[in-house]
**Q** 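Before we start, here is the structure in question, set down as structure tokens.
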Amino acid sequence: MKDVTIFTDGASRGNPGCGGWGVIISDSKTVIELGGREDLTTNNRMEMQAVISALKYITEQKTESATIYADSAYVINGATKWVAGWKKNGWQTITKKEVKNVDLWSDLAAFTDNVKIEWIRISGHTGIPANERVDMIATTFADKKPTKLFNGSLEAYGINLTDIKISKEKKYKKTNSKQKAYSYISLVGEKIETHKTWTECEKRVRGVSGARFKKAISKYEEKEIIDQFQN
């Protein structure tokens, strides 16, 4: 397999709870599905395990490059923005705490050293056939009723892998203070809360040593900020 397309997803029934992950790997001729589960895990760990399992498989196949589609901002941001800094800093965050899920991030970083990867975030549950399929694989494994996994020719595969709607939500590098807030996010100690108004957020963080807060102008940015605060 020289160049491949990969779709990944993870799921958990509770956070933590029973979890599962699903993968589709395709080249110009073949498709293989992968899946697995854990009894006690989190959604983020299953999202990561899906990617790691895909990378392990294609590394064994000596694949040169891959395009990975995932609906997890945590995975995409971690792989493209955070992991290099974490690795350089001895797997510590900017607040000198151990990176959460460091075991999986370490595995992921090791695999990405060997394969050229293009990471693309897609919107989950929006009718993208391949994304819906990996979600089904993940959830059925989490429920201990795994679906039958495909391994065969691309021609015989019944799912359209080219029907991909890329998320149109902007990834804001810096929030424009003049833009209307979608929400405000605060971090006090290790507890994160979201607030509808600045007044609510300010009341929580004012005068608290080490407190952090940010304004989000979209649902996507809110999720991204929460991921940053958690890691």
**Q** Does the pair Gln49 and Ser53 meet the rule for a side chain to side chain donor-acceptor pair (under 3.5 Å), with working shown?
**A** CA-CA 6 Å; Gln49 188 60 60; Ser53 298; 3.2 Å; yes
**Q** Going through the distances and angles, do Asp9 and Trp21 end up as a side chain to side chain contact (heavy atoms under 4.5 Å, CB included)?
**A** CA-CA 6 Å; Asp9 201 13; Trp21 55 268; over 6 Å; no
**Q** For residues Met48 and Trp105, determine if any side-chain heavy atom of one lies less than 4.5 Å from a side-chain heavy atom of the other.
**A** yes
**Q** For residues Val4 and Val115: do they belong to one hydrophobic cluster (side chain heavy atoms under 4.5 Å, members Ile, Leu, Val, Met, Phe, Trp, Tyr)?
**A**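 Same cluster.
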**Q** To the nearest 0.5 Å, what is the distance between OG1 (Thr63) and CG (Leu55)?
**A** 9.5 Å
**Q** Just to verify, what does Thr162 make a side-chain contact (heavy atoms from CB on, under 4.5 Å) with, not counting sequence neighbours?
**A** Asn160
**Q** Could you work out, with side-chain contact (heavy atoms from CB on, under 4.5 Å) as the rule, every residue matching Glu118, not counting sequence neighbours?
**A** Thr67, Ile120
**Q** Would you say the side-chain atoms of Ser65 and Asp3 include a donor-acceptor pair closer than 3.5 Å?
**A** yes
**Q** Taking all atoms of both residues into account, what is the closest heavy-atom pair of Gly20 and Ala142, and its distance?
**A** N-CB, 3.6 Å
**Q** Distance check, rounded to the nearest 0.5 Å: Asn77 atom CG versus Arg121 atom CZ?
**A** 8.0 Å
**Q** Does a salt bridge link Glu200 with Lys196, judged by any charged N lying under 4.0 Å from a carboxylate O?
**A**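 Salt bridge between Glu200 and Lys196, a charged N being under 4.0 Å from a carboxylate O: no.
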**Q** Would you find a donor on one side and an acceptor on the other, under 3.5 Å apart, between the side chain of Glu47 and the backbone of Gly10?
**A**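 Side chain of Glu47 to backbone of Gly10, a donor-acceptor pair under 3.5 Å: yes, one is there.
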**Q** If you link I, L, V, M, F, W and Y whenever their side-chain heavy atoms are under 4.5 Å apart, who else ends up in the same group as Val188?
**A** Tyr184, Trp198, Val205, Val208, Phe213
**Q** Ion pair present between Lys87 and Asp113, side-chain N to carboxylate O less than 4.0 angstrom?
**A** yes
**Q** Lys97: which residues meet the side chain to side chain donor-acceptor pair (under 3.5 Å) condition with it, sequence neighbours left out?
**A**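 With sequence neighbours excluded, Lys97 shows a side chain to side chain donor-acceptor pair (under 3.5 Å) to Glu190, given in chain and number order.
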**Q** Assess whether side chain to side chain contact (heavy atoms under 4.5 Å, CB included) is satisfied between Tyr157 and Ile24, documenting all intermediate values.
**A** CA-CA 11 Å; Tyr157 195 51; Ile24 297 171; 3.3 Å; yes
**Q** Do you see a donor-acceptor pair shorter than 3.5 Å between the side chains of Tyr74 and Asn101?
**A**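 Yes.
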**Q** Output, in order, the C-alpha distance, side-chain angles, deciding distance and verdict of side chain to side chain contact (heavy atoms under 4.5 Å, CB included) for Tyr69 and Thr5.
**A** CA-CA 8 Å; Tyr69 294 92; Thr5 298; 3.7 Å; yes
**Q** Any side-chain heavy-atom pair from Phe7 and Leu161 closer than 4.5 angstrom?
**A**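 Yes, at least one pair of side-chain atoms sits under 4.5 Å.
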**Q** Charged N to carboxylate O under 4.0 angstrom, Glu33 versus Arg133?
**A**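 Salt bridge flag = yes for Arg133 with Glu33.
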**Q** Would Val23 end up clustered with Met136 when hydrophobic side chains under 4.5 Å apart are linked, directly or stepwise?
**A** no
**Q** Can you name the closest pair of heavy atoms from Thr139 and Ala11 and give their distance?
**A** CG2-CB, 3.8 Å
**Q** Give me the other members of the hydrophobic cluster that Phe141 sits in, counting Ile, Leu, Val, Met, Phe, Trp and Tyr linked by side-chain heavy atoms under 4.5 Å, directly or via other members.
**A**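 Under the 4.5 Å side-chain rule, Phe141 groups with Ile137, Leu149.
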**Q** Would you mind reporting whether Thr197 and Glu202 have side-chain heavy atoms less than 4.5 Å apart?
**A**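 Answer no - side chains too far apart.
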**Q** What's the shortest heavy-atom distance between Thr112 and Trp119, and which atoms?
**A** CG2-CZ2, 4.0 Å
**Q** Please identify which of these residues, Ile6, Ile117, Thr8, Ile76, meets the side-chain contact (heavy atoms from CB on, under 4.5 Å) condition with Val51.
**A**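 Between Val51 and the candidates, side-chain contact (heavy atoms from CB on, under 4.5 Å) is satisfied uniquely by Thr8.
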**Q** If only atom types and distance count, is the side chain of Ser153 paired as donor or acceptor with the main-chain N or O of Ala156 below 3.5 Å?
**A** yes
**Q** Please report the shortest heavy-atom distance between Gly22 and Ala50, naming the atom on each side.
**A** O-CB, 3.7 Å
**Q** How long is the span from the OG1 atom in Thr140 to the NZ atom in Lys148, to the nearest 0.5 Å?
**A**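 Between Thr140 OG1 and Lys148 NZ, I get 14.0 Å after rounding to 0.5 Å.
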**Q** How long is the span from the CD1 atom in Ile192 to the CD1 atom in Ile226, to the nearest 0.5 Å?
**A**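 One gets 6.5 Å once the value is rounded to the nearest 0.5 Å.
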**Q** If you define the side chain from C-beta out and look only at heavy atoms, does anything of Gln92 sit under 4.5 Å from Glu98?
**A**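 Gln92 does not reach Glu98 side chain to side chain.
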**Q** Report yes if the side chains of Thr30 and Leu154 come closer than 4.5 Å at any heavy-atom pair, otherwise no.
**A**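 Side-chain contact under 4.5 Å: no.
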**Q** Within this structure, what is the CZ-CE distance for the pair Arg13 and Met46, rounded to the nearest 0.5 Å?
**A** 13.5 Å
**Q** Can you name the residues that form a side-chain contact (heavy atoms from CB on, under 4.5 Å) with Asn15, not counting sequence neighbours?
**A** Ser12, Thr42, Asn43
**Q** Report yes if some heavy atom in the side chain of Ile58 is under 4.5 Å from a heavy atom in the side chain of Ile25; otherwise report no.
**A**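 In contact.
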**Q** Run the salt-bridge test on Arg45 and Asp103 with the 4.0 Å N-O cut-off and return the result as yes or no.
**A**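 Yes, this pair counts.
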**Q** With the side chain counted from C-beta on, respond yes when Arg212 and Ile225 share a heavy-atom pair under 4.5 Å apart, and no when they do not.
**A** no
**Q** Would you say that more than 12 heavy atoms from the other residues, nucleotides or ligands in this model lie under 6.0 Å from the CD of Glu155, or not?
**A** no
**Q** Please check if any side-chain donor atom of Asp71 sits under 3.5 Å from a side-chain acceptor atom of Asn131, or the reverse.
**A**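 Yes, because at least one side-chain N or O of Asp71 sits under 3.5 Å from a partner of the opposite role on Asn131.
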**Q** Is any side-chain heavy atom of Cys18 closer than 4.5 Å to one of Arg37?
**A** yes
**Q** Is it true that the side chains of Ser186 and His195 contain a donor and an acceptor less than 3.5 Å apart?
**A** yes
**Q** Is Glu193 salt-bridged to Arg204, cutoff N-O under 4.0 Å?
**A**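 Answer for the salt bridge query: yes.
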**Q** Backbone N or O of Lys29 within a donor-acceptor pair of the Asp27 side chain at under 3.5 Å?
**A**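 Here the side-chain-to-backbone pair exists.
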